[in-house]
Amino acid sequence: MLAAKTPRILWVELTSKCPFDCVFCSRKSRRGSGEHMPYVLFESLVRQVSDPRTFLLNYSGESTVYPELIPAIRLARSTGAGVELVSSLATASDGLLHQLSTAGLTRMTVSIHAADARAFTEIYRHSSLAALRTRLELFVELCRGARNPPAIDLAFVAMQHNLDQLQGVAELAMGLGLTAISIFPVIRRDEIPIVFPRELTGTGLHRAEFRDDLNRRVEDSRRRLPEIAITICNPQFTNTTQALGEAPRACPGELPAGARIYSCEQNPWETAHVLSNGDIVPCEVHDRLPVGNLARQTLAEIWGGEAYERFRQNYHTGELAACRSCPWKTAYIPGRMQSEILAVRGRNTQMGHGWHEPAGEPHVWASQQAVASIEPRAGSTKLHVSGILPPGREGQANELAICCNGTPLERLGTVQRR
C-alpha cells in the first residue's frame, strides 16, 4: 500500500504537563513533570503537512495548560483541516473558555468519569466535580452564542468501580443538551500503581465479566435516555467478530494465521503522533518507538524514511505483537484481489488509503487523497472511469492520476477554483 504524501490525521501533543493525576493515567510515571512543545516546532509541523484532514491537539497532557493553545488552534484550522481537543476542562479559566468557543475548534471532547463529588476526587485526584460542571456549563453556553462553535461531546473511561456513575454522566449530558458519550474501557499498557484486577487479566485483556457488566450498563442507559448516543470505543465489547475472508474486514481478536493487516484507526499510511519533544511515533500503542524527531529532521524525511517504511512493512505482515492483538485492526487473507465496492464493475480492486466505507450506493467516496489498485483483466485495452472530480482548494489543482505497473500514463480532469 502507498502512504499519503504526508500524514493527514495528526495527534499533536502540545504538552505533556497536566494538573490532574487520574488513577488510570500513566503520564506521570512516563513523563514526570512533563514539557511544552516549542511553538516554533508546532509551526514548522503545520507548514510541512500536505492537505491535512484532522489535527487532534492532545495526547498525554492537558492541552488547556499550553500557553499558545489558541494560536495553535487557529494555525491548524487555517490549513482547512478539522481541529479537535480532549480536555478535563475543570482548570480552564473563563477567558480561555471564551476563546475556545470562537478559535476555530471543530470538536471539544470533555472527559467526565464521575457524576458525584466523592467518585470524582477518587479518580481525578485534583480539582472538583463542581468546578468541572461550572466550566462545562459555561462553555456550552458560550458555544450556543458563538458563530461556528465546536461540537461538544463527552468521554468516559470505564472502570469497574465507576460503572455506577455512567447513568449520572448521561443525565448530565442530557441536561446540557449534549447528545454523545464515547466510552473507553480502561487499559493498562504501562506500569502504574493500579493494576485493575477486576477489569483486566494478567495479560492485559478485558475480563468477560467486565465486558458483560459494561454492556449491561450501557444498554440500561440507552433505554432510559434514548436521546444520548453512547458508543463503546473498543470493538471487542461489541458483536463484530466475522469470518475472515479475502476482502479486508474488522478483526477484533488475534490475527489469524497467514492474515495481513490492512488498516486500523491509526494506520501508518495516513496517521501519525507527534510528541511534545518532537518525537514522531506511529500510534499510541507504539509511543515508545519513535521513527524520527521533528526537531532534527523534516517531516518528509521521517514519513518517507527507512524506520517508518520498516514499521509499515512489519505492521502489514503482522510481525508486531501489539498490532496482531489490537482490536481496531482490519485484516485479510492474501489471495486474488476481491472487492465489495460497486464503483469498479467487473474488476477486482484493492482499495488503498483515503476511501470512505461503502454506504450502499453504486459508488464510493474518496477523501482528499486516495489510492486504488485494479487487477489486470486478460485482453483489456481500455479503462473507463466514471465519477465526479470536485474543484481543488483555492489556488490548487485536483487531479486523477493513472499509472500502469508503476508507469504514469495520464492525469485527467484537472480543475481549479478561481
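Nothing fancy with the numbering, it's 1 onward along the sequence.
A donor-acceptor pair is defined here as one N or O able to donate and one able to accept, closer than 3.5 Å; no such pair exists between the side chain of Ser26 and the backbone of Ser29. Counting only distance, with no hydrogens or angles, the side chain of Arg211 and the backbone of His206 share a donor-acceptor pair below 3.5 Å. In this structure, the side chain of Gln48 engages the main chain of Leu299 through a donor-acceptor pair within 3.5 Å. A donor-acceptor contact shorter than 3.5 Å is absent between the side chain of Arg296 and the backbone of Gly278. Judged purely by atom type and a 3.5 angstrom limit, Lys329 uses its side chain to pair as donor or acceptor with the backbone of Gly253. His273 contributes no side-chain N or O that, together with a main-chain N or O of Pro282, makes up a donor-acceptor pair within less than 3.5 Å. Proximity of a side-chain donor or acceptor of Arg324 to a complementary backbone N or O of Gly318 within less than 3.5 Å is detected. A donor-acceptor contact shorter than 3.5 Å is absent between the side chain of Gln313 and the backbone of Glu309. Judged by distance alone, the side chain of Glu199 and the main-chain N or O of Met159 form no donor-acceptor pair under 3.5 Å.
With contacts defined as side-chain heavy-atom distances shorter than 4.5 Å, the pair Phe237/Phe210 qualifies. Taking the side chain as every heavy atom from C-beta outward, Leu56 and Val86 never approach each other to under 4.5 Å. Annotation: side chain of Met37 is in contact with side chain of Val274 (closest heavy-atom distance under 4.5 Å). Between Ser111 and Ser88 the shortest side-chain heavy-atom distance falls below 4.5 Å. Between Leu176 and Ile152, the closest side-chain pair of non-hydrogen atoms is not below 4.5 Å. Counting heavy atoms from C-beta outward, Leu57 and Glu84 have side chains that stay 4.5 Å or more apart. Between Leu136 and Leu154 the shortest side-chain heavy-atom distance falls below 4.5 Å. When side chains are defined from C-beta on, Cys326 does not count as touching Tyr315, because their heavy atoms never get closer than 4.5 Å.
Residues satisfying the ring-ring contact (aromatic ring centres under 6.0 Å, His included) criterion with Tyr308, sequence neighbours excluded, are Trp303. In this structure, the ring-ring contact (aromatic ring centres under 6.0 Å, His included) partners of His126, at least two apart in sequence or on a different chain, are Phe20. Asp94 is linked by a side chain to side chain contact (heavy atoms under 4.5 Å, CB included) to Arg135, Leu138, counting only residues two or more places apart in sequence or in another chain. Looking at residues two or more places apart in sequence or on another chain, you find a side chain to side chain contact (heavy atoms under 4.5 Å, CB included) between Arg47 and Glu43, Ser44. Glu13 is linked by a salt bridge (charged side-chain N to carboxylate O under 4.0 Å, His left out) to Arg31, counting only residues two or more places apart in sequence or in another chain.
When only modelled atom types and interatomic distance are considered, Asp213 and Gln160 share a side-chain donor-acceptor pair under 3.5 Å. Remark: the Glu62 side chain and the Ser87 side chain contain an N/O donor-acceptor pair separated by less than 3.5 Å.
Here the shortest heavy-atom pairing between Gly34 and Ser16 reads CA-OG, 3.3 Å. Residues Thr64 and Leu96 approach most closely at O-CD2, 3.5 Å, considering heavy atoms. In terms of heavy atoms, Ser325 sits closest to Glu254 at CB-OE1, 3.5 Å. Closest of all the heavy-atom pairs between Ile302 and Val291 is CG2-O, 3.8 Å. The shortest heavy-atom contact between Pro52 and Ala81 is O-CB, 3.5 Å. The nearest pair of heavy atoms linking Ala76 to Phe55 is CB-CD1, 3.7 Å.
Expressed to the nearest 0.5 Å, how far CE of Met174 lies from CG of Leu225 amounts to 6.0 Å. Separation of atoms CZ (Arg312) and CH2 (Trp269) is listed at 8.5 Å; rounding is to 0.5 Å. Here the straight-line distance linking atom CZ of Phe311 with atom SG of Cys323 works out to 4.5 Å at 0.5 Å rounding. Note that OG of Ser221 and CZ of Arg224 are 7.0 Å apart. Values are rounded to the nearest 0.5 Å. Interatomic distance, CG of Leu294 versus CD of Glu301, reported as 10.0 Å (0.5 Å rounding). How far CD of Glu265 is from OG1 of Thr271: 9.0 Å, rounded to the nearest 0.5 Å.
Between Asp220 and Arg217, no side-chain nitrogen of the basic residue sits less than 4.0 Å from a carboxylate oxygen of the acidic one, so the salt-bridge criterion is not met. At a threshold of 4.0 Å, the pair Arg30-Asp287 counts as salt-bridged, since one of the basic side-chain nitrogens sits closer than that to a carboxylate oxygen. Using a 4.0 Å cut-off between charged nitrogen and carboxylate oxygen, Arg107 and Asp153 count as a salt-bridge pair. With respect to Glu219 and Arg222, a salt bridge is recorded, a charged nitrogen being found less than 4.0 Å from a carboxylate O.
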Side chain to side chain contact (heavy atoms under 4.5 Å, CB included) between Leu75 and Tyr39, worked out
CA-CA 11 Å; Leu75 179 61; Tyr39 188 66; 3.9 Å; yes

Start with the C-alpha distance between Phe196 and Ile187, add both sets of side-chain angles, then the distance that settles side chain to side chain contact (heavy atoms under 4.5 Å, CB included), and finish with yes or no.
CA-CA 9 Å; Phe196 300 108; Ile187 56 177; over 6 Å; no

Would Arg8 and Asp51 count as a side chain to side chain contact (heavy atoms under 4.5 Å, CB included) here? Give the steps.
CA-CA 7 Å; Arg8 300 187 300 168; Asp51 289 330; 5.7 Å; no

Where do Gln266 and Trp11 land on the side chain to side chain contact (heavy atoms under 4.5 Å, CB included) test, with the steps shown first?
CA-CA 10 Å; Gln266 299 175 27; Trp11 281 259; 3.6 Å; yes

Donor-acceptor pairs under 3.5 angstrom involving side-chain atoms of residues 112-120: please list them, not counting sequence neighbours.
| unit_1 | atom_1 | unit_2 | atom_2 | d |
| --- | --- | --- | --- | --- |
| His113 | ND1 | Val157 | N | 3.0 |
| Asp116 | OD1 | Arg118 | N | 3.2 |
| Asp116 | OD1 | Ala119 | N | 2.8 |
| Asp116 | OD2 | Gln165 | NE2 | 2.8 |
| Arg118 | NH1 | Glu122 | OE1 | 3.4 |
| Arg118 | NH1 | Glu122 | OE2 | 2.9 |

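For CD of Glu141, the number of neighbouring non-hydrogen atoms (other residues, nucleotides, ligands) closer than 6.0 Å is 12 at most. Remark: His161 NE2 is packed, more than 12 non-hydrogen atoms of other residues, nucleotides or ligands lying under 6.0 Å away. The number of heavy-atom neighbours closer than 6.0 Å to CZ of Arg207, taken from other residues, nucleotides and ligands shown, is above 12.
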